[in-house]
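Within every chain, numbering begins at 1; the chains are lettered A, B, ... in the order of the sequence lines, protein sequences first and strands thereafter.
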Amino acid sequence: MNNIFVYCEIEDGIIGDVSLELLTKGRSLANKLNCKLEAVVIGANLKGIESQVFPYGVDVLHVADDARLYPYTSLPHTSILINLFKQEKPQIALMGATSIGRDLGPRVSSALFSGLTADCTSLEIGDHEDKKEGKSYKDLLYQIRPAFGGNIVATIINPDQRPQMATVREGVMKKEILDANYKGEIKQIDVKKFVNNTDFVVEVIERHMEKSKVNLKGASIIVAGGYGMGSKENFQMLYDLASVIGAEVGASRAAVDGGFAEHERQIGQTGVTVRPKLYIACGISGQIQHIAGMQESSVIIAINTDPNAPINTIADYVITGSVEEVVPKLIKYYKKNSK
Amino acid sequence: MSLKIVVLAKQVPDTHNVGKDAMKADGTVNRAALPAIFNPEDLNALEQALRLKDKNPGSTVTILTMGPGKAAEVIREGLYRGADNGYLLTDRAFAGADTLATSYAIHMAIKKIKDFDVIIGGRQAIDGDTAQVGPQVAEKLGIPQVTYAEDILSVENGKATVKRRLERGTEVVSVALPAVITVNGSAAPCRPRNAKLIQKYKYAKTITEKQEVINDYADLCNQRPYLNLQEWSVDDVQADRQFCGLSGSPTKVKNIESVVFQAKESKKLTAADNEIEELIKELMANHTIG
């Protein structure tokens, strides 16, 4: 009772990275709160799924296995979580800030009247003093998230309602196997008890999922372009540089909005969070929402015509000059010196 | 088949264009320095609604918004583009609402509207980026939802067929109506304002707005009832105050900080050949690249 629950999403029999990242976070929160970590997997053909989940330190795995539960649709998954949470009374429930978690989370929170904080960038445990009401609370979940386009960071709490619910984007937390031999308990959910036939009002007619071509999270070097790249054509030089030095290409939101790069390349609060060994920011001014997604890079090079660009303050190397001039020179001198 | 369509729209501060004076010295947001705009994805939602109206003659599009008095601008913007009418949900008791209290108020207003086939809203608003109100309204109304919609392909026999845009692909789903559909920014942009409709609706005002302008409008509004924009209070939609505003919000803001990044001691370079070559050599020497 009163444990931490993580909803694990699944695609083609594989638990999503975002869910494994949350299990790692959930494990450390559970240790702090001295409670158990429980996971929920809802889908079809889930035999053996526990082997993907237990190594992250999961004590109890709830499995709802039914052909109708995959691919994901809102109502059946909502019904399962609502009924499971009513029964198990978790103190914290976490899910990915993905098209699944952001569809499911609000619906569950509405039904349970429990607060939900979207897109948290940090989760901590702490106390709270409500001076007006003269109440004090111990061990609440601090749900920390950016707001107002990333210009402020707010700490949100749910003092009175349970579970305290939060979603987190992929890549924000780090996934880490706790113990490859960790064994928890498996509990099968009685799907017929929790789901009504009327929950299947949404029918998935067609699905086209692609394996992501872009792997920003796993890249050790990232060359990222901003609005200062000027055009999609100009962006090509970043691909040239990336292929020479073995990097992946990323983009700021402004560059994505401007149509210079695909959405899956977006780095920042509303895109992917990255921590590469080297980050080369080209024509990126450094809006807060971008910096929040790459500031933990080990080495940052900023290339910008504006010597006062905000990104320069967090860069290890500031090159004041145009990308058109600097990027070809980076390619040239890398080639020359790598021989 | 004619449809009754409700569009959920929100007036938001333009957080994508934050200027230097957007933050006050104490780290709070200076809302006055940010222009108020029609939430971008709500415009995508409006376009989907207007397309349904075009395809299904006799359909009506109703804008529903919640906010302070000036949020009536969102209704006028909707009327200029082809919406038929609108309601502004406004009351001090709604202030300080989190997404649950907001969705409670909106679902009460929709219950008052009563007759609807489909509710369409933007996926999320740029001042909070939570994407919660759409699904929560659907849950409170006890109807299904389709989020991340990119195109409402058709509405036939009480079912909508919707294309969704997800992180790694697309999905086409069919949903029984009534339902809530939330629309992505990747959907078709909203049509521009129509000059004739601007002429028709530019004097459309709420009761509160009418009190603030000269009396000349009173006669005009009496002659043309479509110029009267409806305002609804907590009592008008029979909402329970306990579930509205701050008291209806399970989440509380514990604190707010402005974002400050740790500045680094940085090496300054120019684009000169020798400096770039030195940099490359240094990065290769310490195995950052190569």
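Most heavy-atom pairs under 4.5 Å with chain A: of the set B:G248, B:S186, B:G169, B:S174, this distinction falls to B:S174. With respect to chain B, the highest number of heavy-atom pairs below 4.5 Å among A:I303, A:L75, A:N312, A:I221 belongs to A:I221. Note: A:H128 leads A:E264, A:H128, A:Q269 in heavy-atom pairs under 4.5 Å with chain B. If you tally non-hydrogen atom pairs under 4.5 Å between each of B:G134, B:A138, B:S103, B:A176 and chain A, the highest count goes to B:A138. Annotation: maximal heavy-atom pairing with chain A below 4.5 Å, among B:V253, B:T270, B:T170, occurs at B:T170. Interface remark: of the candidates B:G185, B:A272, B:P135, B:P135 forms the most heavy-atom pairs closer than 4.5 Å to chain A. Note: A:I205 leads A:D119, A:I205, A:L140, A:N158 in heavy-atom pairs under 4.5 Å with chain B.
One finds the CD1 atom of A:I156 at 11.5 Å from the NZ atom of B:K254 (value rounded to the nearest 0.5 Å). Here A:E203 contributes atom CD and B:T161 contributes atom OG1; the two are 9.0 Å apart, rounded to the nearest 0.5 Å. Note that the OG1 atom of A:T155 and the CG atom of B:N255 stand 4.0 Å from one another [nearest 0.5 Å]. Atom-to-atom distance recorded for B:I256:CD1 and A:I152:CD1 is 4.5 Å, nearest 0.5 angstrom. Atom OH of B:Y148 is separated from atom OG1 of A:T98 by 7.0 Å, given to the nearest 0.5 angstrom. With rounding to the nearest 0.5 angstrom, the CD1 atom of A:I245 is 9.0 Å from the CG atom of B:L283.
In this structure, B:A131 and A:P106 approach most closely via the heavy-atom pair O-CG, 4.0 Å. Nearest approach of B:P250 to A:Q161, heavy atoms of both residues: CB-CG, 3.5 Å. Considering every non-hydrogen atom in both A:K332 and B:D273, the closest pair reads NZ-OD2, 3.8 Å. Considering all non-hydrogen atoms of both residues, B:S266 and A:A315 come closest at CB-O, 2.7 Å. The minimum heavy-atom distance between A:T117 and B:Q132, with the atom names listed, is C-NE2, 4.1 Å. Across all their heavy atoms, B:K140 and A:S110 have their closest contact at NZ-OG, 2.9 Å.
When heavy atoms are compared at a cutoff of 4.5 Å, B:R164 approaches chain A solely by way of its side chain, counted from C-beta outward. B:H287 touches chain A through its backbone: at least one of N, CA, C or O sits under 4.5 Å from a heavy atom, while the side chain does not. Interface remark: A:Y142 contributes side-chain atoms only to the contact with chain B (heavy atom separation under 4.5 Å). Of the two parts of B:I289, the backbone and the side chain both hold a non-hydrogen atom closer than 4.5 Å to a non-hydrogen atom of chain A. For B:D129, the parts lying under 4.5 angstrom from a heavy atom of chain A are both the backbone and the side chain. For A:S114, the part sitting under 4.5 Å from any heavy atom of chain B is the backbone (N, CA, C, O) and nothing else. Proximity to chain B is limited to the side chain of A:I301, based on heavy atoms less than 4.5 angstrom apart. Of the two parts of A:D160, neither the backbone nor the side chain holds a non-hydrogen atom closer than 4.5 Å to a non-hydrogen atom of chain B. Contact annotation for B:L177: neither backbone nor side-chain heavy atoms come within less than 4.5 Å of a heavy atom of chain A. Neither the backbone nor the side chain of A:S220 has a heavy atom closer than 4.5 Å to any heavy atom of chain B. Proximity to chain B involves both the backbone and the side chain of A:E210, based on heavy atoms less than 4.5 angstrom apart. Residue B:E278: no heavy atom, backbone or side chain, is found under 4.5 Å from chain A. B:Q124 touches chain A through its side chain: at least one heavy atom from C-beta onward sits under 4.5 Å away, while N, CA, C and O do not. Of the atoms belonging to A:D130, not a single heavy atom falls under 4.5 Å from chain B. When heavy atoms are compared at a cutoff of 4.5 Å, B:L269 approaches chain A by way of both its backbone and its side chain. Proximity to chain A (any heavy atom under 4.5 Å) is shown, for B:A160, by neither the backbone nor the side chain.
Of the possible donor and acceptor atoms, none in the side chain of B:K281 sits under 3.5 Å from a partner among the backbone N and O of A:N337. A distance-only check finds a donor-acceptor pair linking the side chain of B:E167 to the backbone of A:S99 [under 3.5 Å]. A:R145 places a side-chain N or O within 3.5 Å of a backbone atom of B:G128 that can act as its donor or acceptor partner. Proximity of a side-chain donor or acceptor of B:Q145 to a complementary backbone N or O of A:D103 within less than 3.5 Å is detected.
Looking only at side-chain heavy atoms (C-beta outward), B:L166 and A:M209 come within less than 4.5 Å of each other. Between B:K268 and A:T320, the closest side-chain pair of non-hydrogen atoms is not below 4.5 Å. Using a 4.5 Å heavy-atom threshold, the side chains of B:L279 and A:I319 count as touching. For the pair B:L100/A:S109, a side-chain contact is recorded, criterion being any heavy-atom separation below 4.5 Å from C-beta on. Residues B:I276 and A:V326 are in side-chain contact: their nearest non-hydrogen atoms beyond the backbone lie under 4.5 Å apart.
For the pair A:E170 and B:R168, the salt-bridge criterion is met [side-chain N within less than 4.0 Å of a carboxylate O].
Among the candidates B:K264, B:K267, B:E282, the single residue satisfying the side-chain hydrogen bond (donor to acceptor under 3.5 Å, both in side chains) test with A:Y317 is B:E282.
Environment of NZ in B:K252: crowded, with over 12 heavy atoms of neighbouring residues, nucleotides or ligands closer than 6.0 Å. The environment of CZ in A:R207 is crowded: more than 12 heavy-atom neighbours from other residues, nucleotides or ligands sit within 6.0 Å. Counting heavy-atom neighbours within 6.0 Å of A:Y227 OH, excluding the residue itself, gives a total of 12 or less.
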